Amino acid sequence: MKLKRIAAVAATALAIMTLVGCGKSTKAAADKSQVKVGILQLIDQQALTAARKGFTEELAKAGYKGNKIKLDYVNAQGDQSNLQTMSQRLARDKNDLNLAIATPAAQALQKADTKTPMLFTAITDPKSAGLVANSEKPNKNATGVTDKVDVAGQIKFIHKVFPKAKKIGLLFNAAEQNSQVQVKLAKAAIKKLGLTAVEKTAATTNDVEQSASALMKQSDVIYIPTDNTMAASMATIGKVSTKEKIPVVPADATMVKLAGVATVGTNYEDLGKQTGKLAVQLLEGKKVKDLPVEQPSKTRLVINPERMRQFGLTKAMLEEAE
């Protein structure tokens with residue numbers, strides 16, 4: 001009888017352990033059904049925010065919404081120490097993947113975390129930024145979509161729209177690697193057309209008004225690359241443009257609204273959606289090394305009717321120059 005009681009107790013204990021184990025297994029399955037995605041954005045500015053919006057919209061479209069996804073969004077507000085701290089936090093969180101928006105954010109996140117798959121977007125040249133060694137077969141656990149525009153084509157667009165302009169001003173933050181790459185290309189294109197490039201830099205948004213004012217006094221038209229500092233200062237640049245009566249043509253389509261006349265450029269919400277498609281592939285089992293870095297899938301002519309009237313331009317003129 002004693003042996004039977006011992007056997008019964010053992011059987012009961014085993015049953016309880018099995019139930020507990022099943023409970024844990026069910027919980028693990030439930031946890032696995034929710035993906036964790038970290039997002040590190042460099043600064044609050046229209047283009048980067050549009051890219052983030054497009055990214056999350058594309059994930060939602062693929063079914064990653066509500067309790068199916070946990071988004072951990074952090075914004076460094078342009079501060080390098082914030083980038084470091086936030087990158088380290090995202091690394092500790094052990095997300096299924098992380099997204100970095102803009103070059104400094106991607107560099108900081110990659111330095112902090114080489115294990116979590118990383119996507120990047122709104123980056124001009126990931127290779128020179130050290131994010132990939134091979135764009136076709138990414139080998140540093142990072143891939144994404146660049147915002148690299150046809151800089152030479154945009155300079156030609158400026159020349160067609162403003163044929164009398166001889167001096168093209170270049171306004172940028174010299175500390176931004178993406179801007180350095182574009183300015184180099186712009187200067188080569190300007191020289192090829194027999195025109196003169198004039199440069200002014202601004203290290204922070206507080207410096208932009210003074211630099212823009214000085215540059216516009218020396219230039220016939222201003223070209224602005226996809227520069228994060230300038231993108232965050234377009235309202236200021238627009239004010240100076242109106243005062244000095246000098247037109248602005250930005251590389252980034254989202255910059256046109258506050259200061260630009262027009263551009264043939266990338267729409268950053270589209271860029272975010274394109275990056276979101278890569279995220280879906282990663283979440284569904286693809287490896288980073290099998291997803292080549294992509295260029296923007298499309299560009300578009302974006303115009304500012306108010307600025308066009310200010311400088312005597314029509315939509316037909318811009319479409320012809322496109």
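Everything numeric here is computed off the predicted structure, so don't read it as measured data.
- Sparse packing is recorded around CD of Q210, with 12 or fewer heavy atoms of other residues, nucleotides or ligands lying under 6.0 Å away.
- A donor-acceptor contact shorter than 3.5 Å links the side chain of D220 to the backbone of K166.
- The backbone N or O of A129 sits less than 3.5 Å from a side-chain atom of Q107, completing a donor-acceptor pair.
- For V183, the side chain to side chain contact (heavy atoms under 4.5 Å, CB included) partners at least two apart in sequence or on another chain are L170, F172, K187, E199, P225.
- At least one donor-acceptor pair under 3.5 Å links the side chain of Q180 to the backbone N or O of A174.
- Two residues are said to be in side-chain contact when any heavy atoms from C-beta on lie closer than 4.5 Å; K65 and L59 fail this criterion.
- The salt bridge (charged side-chain N to carboxylate O under 4.0 Å, His left out) contacts involving residues 44-59 comprise K53-E57, K53-E269, E57-K273, E58-K277, where partners must be two or more places apart or lie in separate chains.
- Nearest approach of I101 to A122, heavy atoms of both residues: CG2-CB, 4.2 Å.
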Test side chain to side chain contact (heavy atoms under 4.5 Å, CB included) applied to F55 and T121, step by step: CA-CA 9 Å; F55 178 79; T121 195; over 6 Å; no
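- For residues 121-142, no residue pair satisfies the salt bridge (charged side-chain N to carboxylate O under 4.0 Å, His left out) rule, not counting sequence neighbours.
- Between E322 and K160 there is no salt bridge, since no side-chain nitrogen of the basic residue lies less than 4.0 Å from a carboxylate oxygen of the acidic one.
- Within the 3.5 Å criterion, the main-chain N or O of K115 finds a donor-acceptor partner in the side chain of N141.
- Between Q84 atom CD and L109 atom CG the span is 12.5 Å, to the nearest 0.5 Å.
- Counting side-chain heavy-atom gaps under 4.5 Å among Ile, Leu, Val, Met, Phe, Trp and Tyr, the cluster of L258 also holds L171, V198, V208, L215, M216, I222, I224, M230, M234, I237, V240, I246, V248, M255.
- Closest of all the heavy-atom pairs between A105 and L83 is CA-CD2, 3.8 Å.
- Counting only residues at least two apart or on different chains, the side chain to side chain donor-acceptor pair (under 3.5 Å) pairs with a member in residues 290-299 are T146-Q295, Q274-E294, Q274-S297.
- The closest side-chain donor-acceptor pair between N82 and T85, if any, does not fall under 3.5 angstrom.
- Counting heavy atoms of neighbouring residues, nucleotides and ligands inside a 6.0 Å radius, atom CD of Q310 exceeds 12 of them.
- Residues V261 and L313 are in side-chain contact: their nearest non-hydrogen atoms beyond the backbone lie under 4.5 Å apart.
- Minimum interatomic distance between Q154 and A251 (heavy atoms only, all atoms of both residues): NE2-O, 3.1 Å.
- Annotation: K257, atom NZ; neighbour count of heavy atoms from other residues, nucleotides and ligands within 6.0 Å does not exceed 12.
- No hydrogens or angles considered: nothing links the side chains of Y268 and D270 as a donor-acceptor pair under 3.5 Å.
- The stretch residues 77-92 participates, sequence neighbours left out, in these salt bridge (charged side-chain N to carboxylate O under 4.0 Å, His left out) pairs: D72-R89, R89-D93.
- Looking only at distances, a side-chain donor or acceptor of T275 sits under 3.5 Å from a matching main-chain atom of L271.
- Side-chain polar atoms of T124 and Q182 form a donor-acceptor pair below 3.5 angstrom.
- A side-chain donor-acceptor contact under 3.5 Å links T49 and Q41.
- The heavy-atom pair separating P138 from T143 by the smallest distance is CG-OG1, 3.6 Å.
- Looking only at distances, no side-chain donor or acceptor of N98 sits under 3.5 Å from a matching main-chain atom of M118.
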F162 and I168: CA distance, side-chain angles, deciding distance, side chain to side chain contact (heavy atoms under 4.5 Å, CB included) verdict: CA-CA 10 Å; F162 302 100; I168 299 181; over 6 Å; no
